[in-house]
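Chain naming here is simple, since letters A, B, ... match the order of the sequence lines and numbering starts at 1 in each. Only this structure's heavy atoms are used, side chains among them; waters, hydrogens and symmetry mates stay out.
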Protein chains: 2
Amino acid sequence: MTESAGGRRDAEAVSQFVESFAAQLVEAGMQRMPARVFAALLSCDDGALTSAELGEQLQVSPAAVSGAVRYLAQQHMVSREREPGSRRERYRVHSNQWYEALTNREAVLKRWEGALRDGVHSLGADTPAGRRMAETLAFFEFVDGEIAAMMERWRVHREKTFGQG
Amino acid sequence: MTESAGGRRDAEAVSQFVESFAAQLVEAGMQRMPARVFAALLSCDDGALTSAELGEQLQVSPAAVSGAVRYLAQQHMVSREREPGSRRERYRVHSNQWYEALTNREAVLKRWEGALRDGVHSLGADTPAGRRMAETLAFFEFVDGEIAAMMERWRVHREKTFGQG
DNA sequence: CGCTTCTTTCAGAAATTTGTGAAGTTAAGG
DNA sequence: CCTTAACTTCACAAATTTCTGAAAGAAGCG
């Protein structure tokens with residue numbers, strides 16, 4: 001029944017994983033279609049699929065794939081490749097690149113910091129609210145710095161564990 | 001014109017900050033109303049407001065406040081207080097508690113890890129897709145561990161900078 | 001124990017979001 | 001340079017989400 005090893009992929013099981021992982025991403029704030037596309041890429045063997053393949057596997061229109069892929073590319077979660085000598089495009093998760101992109105929530109952090117700075121200014125740095133906000137701001141700035149260091153440690157850890165991919 | 005120091009709060013400026021910070025939170029995936037409520041609490045001087053005050057400041061119904069607050073409490077981003085001897089409730093951001101709660105995205109990470117573990121199993125640990133997923137899983141596990149350490153360093157850093165709140 | 005005040009729940013209206021089909025655009029290959 | 005295959009954009013329909021008003025549910029206070 002389970003034919004995990006070696007043989008053909010169990011399409012049913014794969015699809016179930018895709019949908020369940022996508023659901024988690026949705027719950028964390030990602031839109032449904034990008035989440036499904038991303039999960040599908042993550043679970044295919046060479047980490048890359050064409051638009052048509054994605055549409056078929058997920059049972060959605062080319063338009064939906066197009067929108068999802070555009071979003072994912074903007075977030076640096078997939079990259080687009082042109083198959084040389086074909087109009088087909090191919091979307092890929094670079095197995096290590098993609099979770100580094102997740103850490104690119106840094107962009108989000110930066111905007112939060114901007115908003116908080118405005119807040120400190122308009123509330124007044126000498127008010128209780130202003131002080132609370134300044135402390136919050138300091139926290140995010142701290143986190144920014146830590147994340148870079150953490151990713152560095154991860155690369156070391158990863159190489160020890162998996163060898164250089 | 002700017003009356004930031006000492007005097008009355010510039011309601012206009014405060015409201016503008018509230019809406020703009022809320023917008024950032026929305027963009028990061030939070031629902032609109034919780035985001036607005038949270039921003040309002042963050043920018044009031046004692047970090048706590050009653051349901052009625054929130055409704056008035058944000059121009060929404062008691063029902064909307066109720067829903068937003070329930071969500072925020074579940075996420076541990078605010079706590080509820082009962083004013084002793086009154087049916088009024090008061091919602092508060094504990095100025096340091098709240099961003100620790102943000103780090104409680106750990107719950108999210110844990111669920112992702114669960115989903116990935118399932119994925120490794122159903123794809124087969126010996127397949128390329130399975131290996132990619134195992135590496136992703138390892139990354140999240142690594143991050144989990146790092147976050148605790150980072151928060152510890154933050155507390156030290158914070159105390160040096162702001163004294164114990 | 002009932003009155004009053006505040007909060008929560010619920011059904012439905014309004015608004016937003018999401019995905020489709022069809023037309024439009026780009027680029028390969030004859 | 002024309003044809004054809006692929007991707008993208010756009011307007012609209014469907015589904016979902018979000019907020020409100022009204023009614024029901026707690027909890028202080030006389």
Side-chain angles (χ1 to χ4, degrees), chain A residues 15 18-19 21-41 44 48-75 77-93, chain B residues 15 18-19 21-41 44 48-75 77-93:
Chain A
S15 171
V18 167
E19 296 306 327
F21 192 64
Q24 301 293 341
L25 293 174
V26 167
E27 207 166 333
M30 192 184 292
Q31 292 150 328
R32 180 177 312 280
M33 195 57 65
R36 296 180 70 207
V37 167
F38 185 72
L41 288 171
C44 73
L49 293 170
T50 66
S51 188
E53 290 166 331
L54 283 167
E56 162 145 20
Q57 183 177 341
L58 303 175
Q59 288 295 307
V60 295
S61 71
V65 174
S66 173
V69 156
R70 173 164 38 135
Y71 173 83
L72 291 170
Q74 278 173 352
Q75 307 297 312
M77 295 182 70
V78 310
S79 49
R80 333 167 73 113
E81 302 175 351
R82 189 52 134 255
E83 286 186 354
S86 163
R87 312 119 277 233
R88 234 169 232 161
E89 226 157 38
R90 182 164 270 271
Y91 308 106
R92 155 160 284 131
V93 289
Chain B
S15 171
V18 167
E19 296 307 326
F21 192 64
Q24 300 294 341
L25 294 174
V26 168
E27 208 165 331
M30 191 184 295
Q31 292 149 329
R32 181 176 311 278
M33 194 57 67
R36 296 180 70 207
V37 166
F38 186 71
L41 288 171
C44 74
L49 292 170
T50 65
S51 188
E53 289 167 332
L54 284 167
E56 162 145 20
Q57 183 178 340
L58 302 176
Q59 289 295 308
V60 294
S61 71
V65 174
S66 174
V69 156
R70 174 163 39 138
Y71 173 82
L72 292 171
Q74 276 172 352
Q75 307 298 312
M77 296 183 69
V78 309
S79 49
R80 334 167 73 114
E81 304 175 350
R82 191 47 135 258
E83 287 187 351
S86 163
R87 338 83 301 203
R88 232 167 234 162
E89 224 156 40
R90 180 165 270 268
Y91 309 106
R92 154 160 284 131
V93 289

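Comparing atom distances between the Glu89(B) side chain and each of dT8(C), dG19(C), dT8(D) picks out dT8(C) as nearest. Closest to the Arg87(B) side chain, of the nucleotides dG28(D), dT9(D), dT20(C), is dG28(D). Checking dC10(C), dT7(C), dC7(D) against the side-chain heavy atoms of Ala63(B) singles out dC10(C) as nearest. The listed nucleotides are dT20(C), dC19(D), dT8(C); the one nearest the side chain of Pro62(B) is dT8(C).
For Ala23(A), there are no side chain to side chain contact (heavy atoms under 4.5 Å, CB included) partners two or more places apart in sequence or in a different chain.
Within the 4.0 angstrom heavy-atom criterion, no nucleotide atom of any strand lies near Val65(B). Nucleic acid contact class of Gly85(A) (heavy atoms, under 4.0 Å, all strands): sugar-phosphate only.
Partner of Arg36(B) under the side chain to side chain contact (heavy atoms under 4.5 Å, CB included) criterion, chosen from Leu58(B), Val65(B), Leu41(B): Leu58(B).
Each of Thr50(A) and Arg36(B) was matched to the nucleotide of DNA chain D holding its nearest heavy atom; the match closer to the 5' end belongs to Thr50(A). In this structure, Arg32(A) and Ser86(A) both approach DNA chain C, and ranking their closest nucleotides by distance from the 5' end singles out Arg32(A).
With respect to the salt-bridge test (charged N to carboxylate O, under 4.0 angstrom), the residues Glu89(B) and Arg80(B) qualify.
Here the P atom of nucleotide dT18(D) and the CE atom of Met30(B) are 13 Å apart, to the nearest Å. The CD-P distance, from Gln31(B) to dT16(C), rounds to 16 Å in whole Å. With rounding to whole Å, Glu81(B) atom CD is found 17 Å from dC6(C) atom C1'. Residue Tyr71(B) contributes atom OH, which lies 17 Å from atom C1' of dC19(D) at whole-angstrom precision. The CZ atom of Arg90(A) sits 14 Å away from the C1' atom of dA6(D) (whole-angstrom rounding). Note: CZ (Arg82(B)) to C1' (dA27(D)) measures 7 Å, nearest angstrom. Between Arg88(A) atom CZ and dT4(D) atom P there is a gap of 17 Å when expressed in whole angstrom units. Computed from coordinates, the Arg70(A) CZ to dT8(D) C1' distance equals 8 Å when rounded to whole Å.
Listed pair Ser66(A) / dC7(D) fails the phosphate criterion, with no side-chain N or O lying under 4.0 Å from OP1 or OP2.
Applying the 6.0 Å contact sphere to CD of Glu56(A) captures no more than 12 heavy atoms from other residues, nucleotides or ligands.
At distances below 3.5 Å, at least one donor-acceptor pair connects side-chain atoms of Glu53(A) with backbone N or O atoms of Thr50(A).
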